[in-house]
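All remarks here apply to the structure that follows.
The structure presented is a predicted model; accordingly, all values stated were derived computationally and were not measured.
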Amino acid sequence: MNAPRRARLARRAVAAALLGAASAASIAAGCTVFDGLTAAPTPGEDAGTKGEAYLELADAVRACSQVFRCENLALSVATSIGVPADEASFSRCVSWLAGPIPEDRVGFEVQRSLLACVAAATSCEAAFACAFLEPVPSGDPRCAPPAEDACGDGEARRCAERYLERCASPRFSPGSVCRVGAGGHARCALGACLPATHGPARCNGNTLILCEQNSRLRVAMDCTTLGLTCAEGAQGVSAICGANGAILPCEDPGSVACSPDGARARICTGAVASEIDCGATGGACVAEGGGARCARPSDACAPSDEGVDACEGTVLALCVAGQRTAFDCASAGLGCRPGDGAGRSGHCG
């Protein structure tokens, strides 16, 4: 099976698994001059740009190099924290991580922490260990045939849906451990429950608490990790992890698109989308190359421009947050890899 097909199947598996949960809940080192390019300004330095970056440029490059190297890591990041780590355009990936993000985005610090962990990872295994959810590819021994749900190493191995949950991660309330409930379903849960006596799903702070119908396990999920909110005191169908009080259905985990009004980027986290407000950073959402990005009037370049993500020796020409930038991949212990001609750009790796 080829890599694109494996990635599509992994996305569908995560979407199907998270849709079930959602339904239950609602019923700079290394910059040089390169061909006239200069280092990008610090996010917020331009008068028309507002916001704070998740990572410094060098760390964003390291994190994106892992995304390009580790199949399905972008999907794992999106479903863990609602951040679009683009796996096709290196400049778009770096822009999301080193460009301006609204400082008041829900969960900003927990999202930054996960991305910093990925940037510091020295292997794909270590990078995936940073995530709260991880797709499990075919042949992975953690879900060996007959691929039944199981618990192991602090993980709920949801093998029927081909992904795992990390119970000690910020996604789940303290005290959550892997349990195998009714029907053999493994979940990160606080304990057993009976839907008839537990009561409806409810919001406690920004945590969604429910008695899952299929597994009969009490699950407490922190909406903050995905940049979503759970209205305090809401119960039943009103108790949701939503964006600005609304649930935004989506079907392609890891994908990013623009809201109808063009003000926000929507990142599909599984069955629902999270949003990043481009307008709050002085720009608007622009669809591009199968993805999307925040663009601002002061932008001097776009990731799709000719010459962007091109190598000259170990130096990569980038367009980060609309500014032309040169980065010496060797400064991060990496080489400069040209694009593959099949949709994946040049990158540090």
Roughly how far apart are [X] [atom1] and [Y] [atom2], rounded to 0.5 Å?
X: Arg112; Y: Arg105; atom1: CZ; atom2: CZ; answer: 13.0 Å
X: Phe68; Y: Asp86; atom1: CZ; atom2: CG; answer: 6.5 Å
X: Leu190; Y: Cys167; atom1: CG; atom2: SG; answer: 10.0 Å
X: His185; Y: Gln213; atom1: NE2; atom2: CD; answer: 10.5 Å
X: Ser274; Y: Leu228; atom1: OG; atom2: CG; answer: 4.5 Å
X: Glu165; Y: Cys151; atom1: CD; atom2: SG; answer: 10.0 Å

Joint hydrophobic cluster, [X] plus [Y], side-chain heavy atoms closer than 4.5 Å:
X: Val308; Y: Phe327; answer: no
X: Ile267; Y: Val110; answer: yes
X: Met221; Y: Leu164; answer: no
X: Leu75; Y: Val136; answer: no
X: Leu55; Y: Ile101; answer: yes

Who pairs with Arg266 by side chain to side chain donor-acceptor pair (under 3.5 Å), at least two apart in sequence or on another chain?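 Only Glu275 meet the side chain to side chain donor-acceptor pair (under 3.5 Å) criterion with Arg266.
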
Walk me through it: do Cys336 and Cys311 pass the test disulfide bond (SG atoms under 2.5 Å apart)? CA-CA 6 Å; Cys336 194; Cys311 295; 2.1 Å; yes

Could you pull out the closest heavy-atom pair between [X] and [Y], with the gap in Å?
X: Ala63; Y: Leu97; result: CB-CD1, 3.8 Å
X: Ala239; Y: Ala201; result: CB-O, 3.6 Å
X: Ala156; Y: Cys178; result: CA-SG, 3.5 Å
X: Ser176; Y: Cys188; result: CB-C, 4.4 Å
X: Thr269; Y: Val272; result: OG1-O, 2.7 Å
X: Trp96; Y: Ala265; result: CH2-CB, 3.6 Å

Answer whether the closest heavy-atom distance between the side chains of [X] and [Y] falls below 4.5 Å.
X: Leu316; Y: Cys329; value: yes
X: Cys143; Y: Arg162; value: yes
X: Leu248; Y: Ser259; value: no
X: Leu115; Y: Ile81; value: yes
X: Cys268; Y: Glu251; value: no
X: Ser173; Y: Asp222; value: no

Just by modelled atom types, is the [Y] backbone N or O under 3.5 Å from a matching donor or acceptor in the [X] side chain?
X: Ser95; Y: Ala321; result: yes
X: Ser76; Y: Leu133; result: yes
X: Gln66; Y: Ala121; result: yes
X: Arg62; Y: Ala120; result: no
X: Ser91; Y: Cys319; result: yes

Verify side-chain contact (heavy atoms from CB on, under 4.5 Å) between Cys124 and Leu73, making sure each step is shown before the conclusion. CA-CA 8 Å; Cys124 289; Leu73 182 57; over 6 Å; no

Name the one of Glu71, Arg69, Arg344, His347 that satisfies side chain to side chain contact (heavy atoms under 4.5 Å, CB included) with Glu87?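 Of Glu71, Arg69, Arg344, His347, side chain to side chain contact (heavy atoms under 4.5 Å, CB included) with Glu87 is met by Arg344 alone.
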
Can you check salt bridge (charged side-chain N to carboxylate O under 4.0 Å, His left out) on Asp340 and Arg337, steps first, answer last? CA-CA 9 Å; Asp340 63 9; Arg337 313 296 180 191; over 6 Å; no

Counting only heavy atoms not in Glu109, do more than 12 sit closer than 6.0 Å to its CD atom?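 Yes, CD of Glu109 has more than 12 neighbouring heavy atoms, counting only those of other groups under 6.0 Å.
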
Start with the C-alpha gap between Arg171 and Thr79, add the side-chain angles, then the distance that decides, and say whether side chain to side chain donor-acceptor pair (under 3.5 Å) holds. CA-CA 11 Å; Arg171 170 62 54 84; Thr79 55; over 6 Å; no

For Arg179, enumerate each residue passing the side chain to side chain contact (heavy atoms under 4.5 Å, CB included) test, keeping only those at least two apart in sequence or located in another chain. Val177, Ala189, Leu217

Are Cys230 and Cys203 within a span of less than 2.5 Å, counting SG to SG? yes

For Cys93 and Cys64, is the interatomic SG distance under 2.5 angstrom?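 Yes, the SG atoms sit under 2.5 Å apart.
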
Intermediate values then yes/no, side-chain contact (heavy atoms from CB on, under 4.5 Å), Asp149 and Arg187: CA-CA 9 Å; Asp149 283 13; Arg187 302 288 185 268; 3.7 Å; yes

Indicate yes or no: does Asp140 engage Arg157 in a salt bridge with an N to O separation below 4.0 Å. no

Quick one: do Arg92 and Glu288 make a salt bridge, cutoff under 4.0 Å?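 The answer is yes: the pair qualifies as a salt bridge.
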
Please verify the inter-ring angle class for Phe108 with Tyr54; under 30° counts as parallel, over 60° as perpendicular, anything in between as tilted.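 Rings of Phe108 and Tyr54: parallel, as their planes differ by under 30°.
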
Stepwise, does the side-chain contact (heavy atoms from CB on, under 4.5 Å) test hold for Val106 with Asn206? CA-CA 10 Å; Val106 175; Asn206 212 34; 4.1 Å; yes

Just checking, is any N or O donor in the side chain of Ser304 or Arg293 under 3.5 Å from an acceptor N or O on the other one? no

Applying disulfide bond (SG atoms under 2.5 Å apart) to Cys278 and Cys285, what does each step give before you reach the verdict? CA-CA 6 Å; Cys278 296; Cys285 183; 4.7 Å; no

